[in-house]
Amino acid sequence: MIHRLPFILSCSATLGLMLNFAIAAQAGEAPADGHAGGTLRILAQSDSGTLDPQISYTALTKMIETPVYDTLLAYPKFAGATAHPVIANLAEAVPAPEDGGLTYRLTLRDGLFFSNGKPVTVEDVAASFRRLFKVGSPTAGPYYGAIIGAQACLEKPAACTLAGGVETNAQTRQVTFHLSTPDPEFLDRLAWMHAAILPADTPVTDMGNTPIAGTGPYRIAEYDPTTMLRLERNPFFHEWSHDAQPAAYSDEVRILFGMDAESAVTAVENGQADWMYDNIPLDRLGEVGGRYAGQVRIFTPLLTYFAMLNVHEPPFTSLKVRQALNYAVNRHAMIIYRGGPAVASPLCQILPSGMPEYQPFCFYTLGASPTHPAEKWVKPDMDAARRLVKESGMAGQKVTIIVPSEQHGSATAEDIRYTLDTLGFKATVRSISPAIAFTYIQNTRNHYQIALAGWNADYPSASSFLQTLFSCETFHPNSDNSPNYSGFCDPQIDQLMHKAATLALTDRSASNHVWADVDRQIMQQAPFVPLTQTQRVVMFSRRAKNIVVTLNDEILYSQIQLH
């Protein structure tokens, strides 16, 4: 899942920040004497783009829509080791795989209603999965392509029926999924936000700024992407599972867009806002760390930042140029731009630390290579980088770096621009709105060369990084929904991904080793430049209590109590 470019903190300021700030890991259950009511006020620097839950692929939208839409299964709404695996949500129970992993039978809970008052039926479930393909959801193929009939849907979306793949029984409220091949992560994918259950009559086009009825404790009442989004209580919601979708505390939520980080800090300090979604800027850290430490939360999502390289656009059509930039980038500087060593660490590979498949290695650092990797990054190897550029014959070409126009994203971009210039290229930086950045770089018609971005795991699995970002089936030319925006495609590596997924059905340890091999093989081809793995640092008002940090949904704003 795409994440917005974050904050910049100095090493010394961050160390002080870590010493002063309280790190809260809250339980998922709201206290019995919780304070309900009031209007929760959230500040975000930019809007979240389309509201369509089956299309949007941004961290901000996922945060906003977690208490609005529901999936059949869900990850528990709390943190810690027990927040995995998935639990029942709109379904009564997590199904056991049948027929060797080819069949999953779920029973829809009784008494569920959408926010427009209509009851939730099994036909809504079937229609929602057909809609995934009809609207070109970015994860339709990689996540739900194993459903029988899915391949036909991918080829002719408008005619999608999923015949033989999704069966329903209205009398028993049963929904049965039939797969063409076993998918060890199918239950995880039923909990992913693109599998949100929507009304069957929802139009099969990107709904953009128009809210769709959901089943969660909130419904979207108003949205102007230039100014604000307002949520109100869903009058038809009742809590069926506190761990899956807890009832909300605030009566209303207002998310204001466009306030710069400096003003946002001041607004939260003064009690004019309750939550600054974006990270605290450098020049306010001392003040915030010394006077408002108890109002800050630091948590560690599976979040990485990188420069993605378009392998179909010169000069990055050359493997040697891609490897050269990996050797030359100064990851020490990247750490400073992301907050210093207390909240950021250098990244040399695709998978972040904390993933079960993670095995550390570094091909592109001083004294290392793909055939003789180091265990961790040490420093740039400019001699190796210059030699590779010379051998490529690409020196002198123009390169444009795409970066979302958010505070401090430009620092990373300018550093990489300087590095490219040093290697003999003519680099410039182009800032574009964060609201359109991800769709822009996905579409091959825009011919981007290099783009700065971040990725947060859809769920704790290597496939949510490796398969989503680098498989052949997630590359869709001329589409705004093409999460493999490097355009990297290697059929042999795709086969290895399939092997890793299949092994997970019988031998999880062996599967983890194969996924780690996929990580290494993709990095040999260097379709992107890993930069850092980071933590999130966010600020709340004094009156905001019960800050619940979850494993997969970051902060659950529905649980914030206003005192």
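This structure is a prediction, so every number in the text was calculated from the model and none was measured.
- Sorted by first and then second residue, the pairs that involve residues 505-516 and meet side-chain hydrogen bond (donor to acceptor under 3.5 Å, both in side chains), not counting sequence neighbours, are Gln359-His513.
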Decide yes or no on ring pair (Phe, Tyr, Trp, His ring centres under 6.0 Å) for Phe438 and Tyr485, but give the supporting numbers first. CA-CA 9 Å; Phe438 191 42; Tyr485 53 101; 5.6 Å; yes
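- Taking the side chain as every heavy atom from C-beta outward, Asp553 and Met63 never approach each other to under 4.5 Å.
- Side-chain atoms of Thr300 and Gln535 include a donor-acceptor pair closer than 3.5 Å.
- Considering only heavy atoms from C-beta on, Leu466 comes within 4.5 Å of Ile522 through its side chain.
- Nearest heavy atoms, Ile335 versus Ala344: CG2-O, 3.8 Å.
- In this model, no donor atom of one side chain and acceptor atom of the other lie less than 3.5 Å apart for Gln442 and Asp480.
- Between His447 and Glu313, the side chains place a donor N or O and an acceptor N or O closer than 3.5 Å (distance only, hydrogens not considered).
- Geometrically, Arg536 engages Tyr277 in a cation-pi contact, judged by NZ or CZ lying under 6.0 Å from the ring centre and within 45° of the ring axis.
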Stepwise ring pair (Phe, Tyr, Trp, His ring centres under 6.0 Å) test for Phe488 and His312: CA-CA 8 Å; Phe488 177 83; His312 298 286; 9.5 Å; no
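- No side-chain heavy atom of Phe257 sits under 4.5 Å from any side-chain heavy atom of Thr226.
- A side-chain donor-acceptor contact under 3.5 Å links Arg322 to the backbone of Gln525.
- Pro527 is not listed as a side-chain neighbour of Phe316, based on a closest heavy-atom distance of 4.5 Å or more.
- Judged by distance alone, with hydrogens and angles left aside, the side-chain atoms of Tyr440 form no donor-acceptor pair with the main-chain N or O of Ser433 at under 3.5 Å.
- Between the side chains of Ser56 and Thr61, at least one donor N or O lies within less than 3.5 Å of an accepting N or O.
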Acceptor/donor pairs from residues 416-423 side chains to any protein atom, 3.5 angstrom cut, sequence neighbours excluded:
from: Arg417; atom 1: NE; to: Glu414; atom 2: OE1; distance (Å): 2.8
from: Arg417; atom 1: NH1; to: Asp421; atom 2: OD2; distance (Å): 2.5
from: Thr419; atom 1: OG1; to: Asp415; atom 2: O; distance (Å): 3.0
from: Asp421; atom 1: OD1; to: Ala427; atom 2: N; distance (Å): 3.0
from: Thr422; atom 1: OG1; to: Tyr418; atom 2: O; distance (Å): 2.8

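- Checked by atom type, the side-chain pair Ser479/Ser482 shows no donor-acceptor distance below 3.5 Å.
- Nearest heavy-atom pair, Met497 versus Ser471, reported as atom, atom and distance to 0.1 Å: SD-CB, 4.1 Å.
- In the model, Asp52 has no side-chain atom that pairs as donor or acceptor with a side-chain atom of Thr50 under 3.5 Å.
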I'd like to know whether Phe129 forms a ring pair (Phe, Tyr, Trp, His ring centres under 6.0 Å) with Phe177, so could you lay out the CA-CA distance, the side-chain angles of the two residues, the decisive distance to 0.1 Å, and finally the verdict. CA-CA 10 Å; Phe129 279 87; Phe177 293 93; 4.9 Å; yes
Show your working on side chain to side chain contact (heavy atoms under 4.5 Å, CB included) between Val329 and Leu531 and close with a plain yes or no. CA-CA 8 Å; Val329 72; Leu531 301 175; 3.8 Å; yes
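- Pro491 and Cys472 get closest at one heavy-atom pair: N-SG, 4.1 Å.
- Taking the six-membered ring where the residue is Trp, Phe306 and Phe528 present tilted rings, their angle falling between 30° and 60°.
- The shortest non-hydrogen separation linking Ser369 to Tyr327 is CA-OH, 3.4 Å.
- For the pair Gln449 (side chain) and Thr400 (backbone), a donor-acceptor distance under 3.5 Å is present.
- For the residue pair Thr532 and Thr534, no side-chain donor N or O sits within less than 3.5 Å of a side-chain acceptor on the partner.
- In this structure, Ile350 and Trp455 have side chains that are not in contact, with every pair of non-hydrogen atoms separated by 4.5 Å or more.
- The stretch residues 422-460 participates, sequence neighbours left out, in no disulfide (SG to SG under 2.5 Å) pair at all.
- Counting only distance, with no hydrogens or angles, the side chain of Arg445 and the backbone of Asn478 share a donor-acceptor pair below 3.5 Å.
- Side-chain atoms of Asn456 and Glu554 form a donor-acceptor pair, as typed in the model, at a separation below 3.5 Å.
- Scanning for salt bridge (Lys or Arg N to Asp or Glu O under 4.0 Å) contacts around Glu473 gives an empty result, with sequence neighbours left out.
- The closest side-chain heavy-atom distance from Phe363 to Pro370 is below 4.5 Å.
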Check the pair Tyr57 / Trp192 against ring pair (Phe, Tyr, Trp, His ring centres under 6.0 Å), numbers first and verdict last. CA-CA 11 Å; Tyr57 217 160; Trp192 171 235; 5.6 Å; yes
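- The backbone N or O of Pro530 lies less than 3.5 Å from a partner atom in the side chain of Arg331, making a donor-acceptor pair.
- When side chains are defined from C-beta on, Pro315 counts as touching Phe425, because their heavy atoms get closer than 4.5 Å.
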Please report the C-alpha distance between Thr71 and Leu190 in whole Å, then the side-chain angles of each, then the deciding distance to 0.1 Å, and finally whether the side chain to side chain contact (heavy atoms under 4.5 Å, CB included) criterion is met. CA-CA 7 Å; Thr71 46; Leu190 290 182; over 6 Å; no
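- Residue Glu391 places its CD atom among more than 12 non-hydrogen atoms of other residues, nucleotides or ligands, all under 6.0 Å distant.
- Of all heavy-atom pairs spanning Ile401 and Leu452, the tightest one is CG2-CG, 4.2 Å.
- Checked by atom type, the side-chain pair Tyr459/Arg189 shows a donor-acceptor distance below 3.5 Å.
- In the model, Asn484 has a side-chain atom that pairs as donor or acceptor with a side-chain atom of Ser486 under 3.5 Å.
- In this model, a donor atom of one side chain and an acceptor atom of the other lie less than 3.5 Å apart for Ser463 and Glu185.
- Residue pairs satisfying the side-chain hydrogen bond (donor to acceptor under 3.5 Å, both in side chains) criterion with at least one member in residues 143-165, sequence neighbours excluded, are listed as follows: Tyr143-Asp458, Tyr143-Thr468.
- Here Tyr358 pairs with nothing under the ring pair (Phe, Tyr, Trp, His ring centres under 6.0 Å) rule; sequence neighbours left out.
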